[in-house]
Amino acid sequence: MNEKVYKSMRHAGGANIALGVLMIVAGVTMGVLAIVNGAKLLKDKSEIMF
């Protein structure tokens with residue numbers, strides 16, 4: 001009985017670690033994309049006419 005609980009906890013822990021790594025990668029990717037798009041906007045700022 002106890003072994004089943006520990007196996008379930010081990011699988012849940014492994015899944016949480018994998019999900020955390022994926023979230024970190026996604027966050028870094030979104031941050032880089034935001035910086036690139038912001039730099040592009042700043043570069044093209046002089047061409048905007050209001």
So how far is it from Lys4 NZ to Met9 CE, rounded to the nearest 0.5 Å? 15.0 Å
Donor-acceptor contacts, no H, no angles, side chain residues 32-47, under 3.5 Å, sequence neighbours left out:
unit_1, atom_1, unit_2, atom_2, d
Asn37, ND2, Leu33, O, 3.3

Distance col, row Ile24:CD1 vs Leu19:CG, nearest 0.5 angstrom, shows 10.0 Å
